[in-house]
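Have a look at the structure below before the remarks.
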Amino acid sequence: MSHGINPGVTAVKAKRTVRNLRWWVLVLFLLGVTVNYITRNSLGILAPELKTSLGITTEQYSWIVGAFQLAYTLFQPICGWLIDVIGLKLGFLVCAGVWAIVCVMHAGAGSWLQLAILRFFMGGAEAAATPANAKTIGEWFPKKERPIAAGWAGVGFSIGAMLAPPIIYFAHASFGWQGAFMFTGVLAMLWVILWWLFYHNPEQHPNLSKEELAFIKQDNEPEAVKLPFLTALKTVGKNKRFYGIAIPAFMAEPAWAVLSFWVPLYLASERGMDLKQIAMFAWLPFLAADLGSIASGYLTKIYTRWFGCSRTNSIVASSVTGAFLMISLALVAITKDPYITIALISVGGFGHQIISCMLSALVVDSFDKGQMATVNGMRGSAAWIASFLFSLLIGVTADKIGYNPLFIAMGFFDLIGAVFLVSFIAERRTKRA
């Protein structure tokens, strides 16, 4: 009788393969980053009420934002190295679990200092998102698909910010600001469970076909080498190409920090919008950013097909295109119409995400698998140093000189970064004899 039962048991346990599984894995990661940005941007959406309820000044709010940014800056290389060493599944799961719990704890904050401490721990855990992005793309996609995959992965970084205003508004309306923090924290916990259940490395995934695994591995890249933390940092630091990525990231991030943490407060203080109006309009720059993420990878194909650019140069050209679009932020300073302001900031969001996604694509294009998460973490640190300093600058100057000089500066930062990108990364044509 046992012989008749075993085949049936085997059939139940057999796993069916899923076509194009690599894209479904990317969707799972994208969902996690979306939740990451919903929890992250909850502070910015609730900032006007938090300032009133907890008696927080603009300068104190800048320190709360700065605490998150400081931790995000310090921990990105650490999180990246951790993911490189212990693996993407476990490394990202641990970090996501921490940021979910800390987000829930925000509900108990009673002062700006308590919020700053919580944001520091949350920033340290959420720092895993950027290095995990590079690791996911590097593990699941061949080189020819990585620019497009990077573009789609970037959607998660902006769609979460896009969804945050309406989600936080309705959570706030239903449960108050404390309940809004708890609601977003629970969303993060639910995603952690999904990641634990459904993510596996390509070599171990029960639903990945042999044909797709061979497609993913077609570049025959060498096995990842795991290095001690300081050795990994030193190795990357000697590579000139890293600075061609890190300096543009440094110049680009202040604009994203403003979109994530300061635009709601700017719309309230400078444009007279209430929380409901902010919820109606503050998501539009992030919708534009989503479109920029998607467009970025396909833009590389245009530069390749129409202008004959190499893969690397097509990525560089796409990033430079995004840098020119950032000039729209400088025009915010000369308009009085709040709707035109939203439109100009949206163009900036579109341009920024082109730059950001292409910098991630350059990381996976320029470094081996054993360094991808570490390098992208170091790139993120360079970016968030600028983000941290710029937020403190806004906190000190915004009430005195307004936001216009800051928008003008952001409009031209990325063009400076583009000079370094072209100088250090772009491939030169070989001279004919």
Side-chain angles (χ1 to χ4, degrees), residues 7 9-34 80-96 128-156 191-227 293-294 296-298 300-301 304 311-312 315 357 360-377:
V9 173
T10 303
V12 170
K13 290 184 177 180
K15 299 287 186 178
R16 69 181 182 89
T17 59
V18 177
R19 291 187 60 188
N20 298 316
L21 182 63
R22 64 193 183 282
W23 294 103
W24 289 106
V25 169
L26 190 65
V27 169
L28 176 62
F29 174 77
L30 187 153
L31 181 62
V33 177
T34 298
W81 173 80
L82 181 70
I83 288 170
D84 276 333
V85 171
I86 69 174
L88 178 59
K89 179 171 184 173
L90 182 58
F92 202 28
L93 182 140
V94 170
C95 294
T130 298
N133 177 36
K135 195 72 171 179
T136 303
I137 295 167
E139 287 193 348
W140 278 92
F141 292 88
K143 286 185 176 181
K144 66 181 182 180
E145 286 191 337
R146 287 175 186 173
I148 292 176
W152 280 101
V155 170
W191 179 82
V192 169
I193 295 172
L194 291 177
W195 183 257
W196 174 254
L197 292 175
F198 296 111
Y199 183 82
H200 305 278
N201 293 333
E203 297 84 357
Q204 301 168 336
H205 206 295
N207 304 113
L208 183 64
S209 68
K210 292 181 180 179
E211 293 78 13
E212 187 171 4
L213 179 60
F215 179 79
I216 293 169
K217 300 291 185 181
Q218 66 181 266
D219 299 306
N220 295 317
E221 294 175 288
E223 288 295 319
V225 178
K226 299 177 181 179
L227 299 174
S293 296
I294 296 168
S296 62
Y298 296 99
T300 63
K301 287 186 173 293
T304 299
R311 183 177 67 244
T312 297
I315 297 173
C357 292
S360 288
L362 284 172
V363 169
V364 297
D365 189 67
S366 304
F367 295 87
D368 64 51
K369 288 185 178 181
Q371 295 179 313
M372 284 179 187
T374 303
V375 174
N376 219 27

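Note that the numbering runs from 1 along the sequence shown for the chain. Just so we're clear, the structure is a prediction, and the values are computed from it rather than from any experiment.
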Distance in Å, L82 CG paired with F92 CZ, rounded so as to fall on 0.5 Å steps
12.0 Å
Report yes or no: is the cationic atom of K89 (NZ for Lys, CZ for Arg) under 6.0 Å from the centre of the six-membered ring of W196, at an angle within 45° of the ring normal?
yes
Of all heavy-atom pairs linking A361 and P147, the shortest is CB-CA, 4.1 Å
Counting the benzene-type ring for Trp, do F141 and W23 have ring centres under 6.0 Å apart?
yes
Which value, rounded to the nearest 0.5 Å, describes the distance between I193 atom CD1 and F198 atom CZ?
11.0 Å
Nearest heavy atoms of S296 and G151, plus distance in Å
OG-CA, 3.5 Å
Decide side-chain contact (heavy atoms from CB on, under 4.5 Å) for W191 and L28; before the verdict, give the C-alpha distance in whole Å, the side-chain angles of both, and the deciding distance to 0.1 Å.
CA-CA 9 Å; W191 179 82; L28 176 62; 3.9 Å; yes
Below 4.5 Å, heavy atoms only, C-beta onward: do R311 and R146 meet side chain to side chain?
no
Working for side-chain contact (heavy atoms from CB on, under 4.5 Å), residues L21 and W140
CA-CA 9 Å; L21 182 63; W140 278 92; 4.1 Å; yes
For A134 and N376, the nearest pair of non-hydrogen atoms, with its separation, is CB-ND2, 3.4 Å
Shortest non-hydrogen contact from G377 toward P131
N-CB, 4.1 Å
Check each of L88, T34, N133 against F29 using the side chain to side chain contact (heavy atoms under 4.5 Å, CB included) test, and report the only one that passes.
N133
Enter the distance from I83:CD1 to T136:OG1 here, rounded to the nearest 0.5 Å.
8.0 Å
Could you walk me through whether I148 and K301 pass side-chain contact (heavy atoms from CB on, under 4.5 Å), step by step?
CA-CA 9 Å; I148 292 176; K301 287 186 173 293; 3.0 Å; yes
So how far is it from N207 CG to H200 NE2, rounded to the nearest 0.5 Å?
7.5 Å
All heavy atoms of A373 vs all of G80, minimum pair found to be CB-O, 3.3 Å
Contacts of W81 that satisfy side chain to side chain donor-acceptor pair (under 3.5 Å) - sequence neighbours left out
none
Residue pairs fulfilling salt bridge (Lys or Arg N to Asp or Glu O under 4.0 Å) with at least one residue in residues 20-33, sequence neighbours excluded:
R22-E145, R22-E212
Which atom names give the shortest non-hydrogen contact between V364 and G138, and what distance separates them?
CG1-N, 4.4 Å
Measure the CD1-CG distance between I315 and L362 for me, rounded to the nearest 0.5 Å.
5.0 Å
From L26 atom CG to N20 atom CG, the distance as rounded to the nearest 0.5 Å:
12.0 Å
